[in-house]
Engineer: 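The structure's right below; bear with me while I get my questions together.
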Amino acid sequence: MTDIVEAINESNSIALITHINPDGDAVGSLIALMHALDKMGKSVYGYCQDDIPRSLSFLEGVKRITKPINPIEGYDLAIALDCSDRERMGDCVSIMDKAMRSANIDHHISNTYYADINIVHGNASATGEIVYELVQFLEDTGDKNMAEALYTAIVTDTGGFSFSNTSARTHRVIASLIEWGAEVSKLSNRLFKNHSLEWTRLLGEAINTLKTYHGGRVSTLYVTREMLQRVGATEEHINGMIQYGKDIAGVDLAVFFKEVDPSTTKVSFRSDSLVDVSALAQRFGGGGHKRASGCTINQPLCKAKKDTMEAIDYYFKETMK
Ligand SMILES: [Mn+2]
């Protein structure tokens, strides 16, 4: 931590970068750090290659996160948040490359330590939990804007404090955030009880594809381009749907396939306890955590599904003998 605090103190212009296809942790961590650096009088710029999900648009300062179109070159410091490797930054990687110094704040065990300063805590529930710690070093006290952003980061990455990454420390951090002004019921309503009609209809489509394997221990769901069109939904609406496959009694491993285009399929894995899904995803060049991971397969949905199920068959044969 002292290295990054020093780097921040010595810098005036600071770029904050988060990952492609951003989630609550990506956006919340970036915004919280942005507010903290604002307070220190730094010139802060937020970057993300992709659009910010509408569900996060209520966060104060979210509009300041821009796409990397003609970014100012040569920032004193560029900090990547929630990015396990350089590729996760997408087009924003050039901003880091052109910065005087770089830092990487993340909680993925697969992190590749790609920056000058690397703050990687594999047991943190969210990058937001690490940013909370950093903010303590930078500020006397947090404010409501930081609290809402960090609460969002942590509550989304822990699945509402339900995943195994949720620790006593996580709850202590959340307690502080409530003291800083985070309103639990307001944030829960905004984040979890606010589904669009399109999302709900798409869920119906996805549920219709449900199949189970290995005696009900593995479930699969998928969404095609055609299904998205039929209900007027976008890719953003798919976020979180895999949970419905995993929440079925008896399911140890849930797999979700998303048809990106006719020759590209994104695969997500979730598991409860038995299956190390980071190993499964790595087989296809992906990565993630033991309990949540993903990969992109350059095959049509049908073939990607077949390949994935074969890998799962093999995994079950080898590890569940
Ligand atoms: Mn995260």
Side-chain angles (χ1 to χ4, degrees), residues 4 16-34 36 46-53 55-56 59 62 65 79-90 92-93 96 103-115 118-135 146-167 169-171 173-174 177 182 187 191-192 236 238-243 246 256 266 268-271 277-278 281-282 286-295:
I4 191 161
L16 303 179
I17 302 166
T18 197
H19 59 77
I20 54 174
N21 205 358
D23 57 14
D25 190 23
V27 177
S29 296
L30 189 156
I31 286 181
L33 189 52
M34 187 165 78
Y47 290 105
C48 182
Q49 180 197 285
D50 296 328
D51 290 334
I52 307 301
S55 59
L56 301 171
L59 290 171
V62 77
I65 305 175
I79 306 175
L81 294 144
D82 207 39
C83 297
S84 53
D85 55 45
R86 286 167 49 85
E87 287 65 43
R88 287 291 281 159
M89 288 183 264
C92 294
V93 74
M96 178 170 279
N104 151 33
I105 303 176
D106 186 36
H107 68 126
H108 295 92
I109 44 166
S110 56
N111 193 286
T112 59
Y113 291 74
Y114 50 86
N118 301 282
I119 317 279
V120 179
H121 294 175
N123 52 5
S125 68
T127 296
E129 211 175 290
I130 310 169
V131 170
Y132 168 82
E133 188 137 303
L134 174 57
V135 166
M146 284 185 226
E148 291 197 339
L150 290 177
Y151 187 97
T152 297
I154 296 168
V155 78
T156 54
D157 252 28
T158 58
F161 314 115
S162 72
F163 300 159
S164 61
N165 60 2
T166 308
S167 66
R169 206 196 107 78
T170 308
H171 285 288
V173 171
I174 290 294
L177 298 180
L187 291 166
L191 292 164
F192 301 117
E236 187 186 302
I238 295 170
N239 289 337
M241 280 191 187
I242 190 170
Q243 201 62 31
K246 204 184 74 59
F256 195 100
K266 253 194 98 177
S268 307
F269 302 96
R270 294 288 183 282
S271 84
V277 292
S278 108
Q282 271 166 27
H289 309 269
K290 273 183 176 177
R291 304 287 156 249
S293 68
C295 58

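Every number for a ligand or one of its atoms is a count from 1 in the order of the listing.
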Engineer: Quick one: does H107's side chain have a donor or acceptor within less than 3.5 Å of a partner on A124's backbone?
Structural biologist: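 Yes, H107 side chain to A124 backbone: donor-acceptor pair under 3.5 Å.
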Engineer: I'd like the atom name of the N/O/S atom in D82 lying closest to the Mn ion (ligand 1).
Structural biologist: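 When I compare the N, O and S atoms of D82, OD1 is nearest to the Mn ion (ligand 1).
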Engineer: Got a sec, which residues hit salt bridge (Lys or Arg N to Asp or Glu O under 4.0 Å) with R291, two or more places apart in sequence or on another chain?
Structural biologist: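 Listed in chain order: nothing, the list is empty.
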Engineer: For K266, what residues pass the salt bridge (Lys or Arg N to Asp or Glu O under 4.0 Å) criterion, not counting sequence neighbours?
Structural biologist: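 With neighbours one apart ignored, the set is empty.
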Engineer: Could you check whether the rings of H171 and F161 sit parallel, tilted or perpendicular, using 30° and 60° as the cut-offs?
Structural biologist: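 Ring orientation, 0 to 90° scale: tilted.
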Engineer: Of all the atoms in D23, is at least one N, O or S atom closer to the Mn ion (ligand 1) than 2.8 Å?
Structural biologist: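 No, D23 does not qualify, because none of its backbone or side-chain N, O or S atoms lies under 2.8 Å.
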Engineer: Within H107, is some N, O or S atom less than 2.8 Å away from the Mn ion (ligand 1)?
Structural biologist: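 So H107 does bind the Mn ion (ligand 1) by this criterion.
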Engineer: When you measure from the Mn ion (ligand 1) to the N, O or S atoms of D25, does any of those distances fall below 2.8 Å?
Structural biologist: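 For D25, the answer is yes, given that an N, O or S atom comes within less than 2.8 Å of the Mn ion (ligand 1).
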Engineer: Can you name the N, O or S atom of D157 that is closest to the Mn ion (ligand 1)?
Structural biologist: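 Looking only at N, O and S atoms of D157, the one nearest the Mn ion (ligand 1) is named OD2.
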Engineer: N104 and side chain to side chain donor-acceptor pair (under 3.5 Å): which partner among N111, D85, D82?
Structural biologist: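 Answer after filtering N111, D85, D82: N111.
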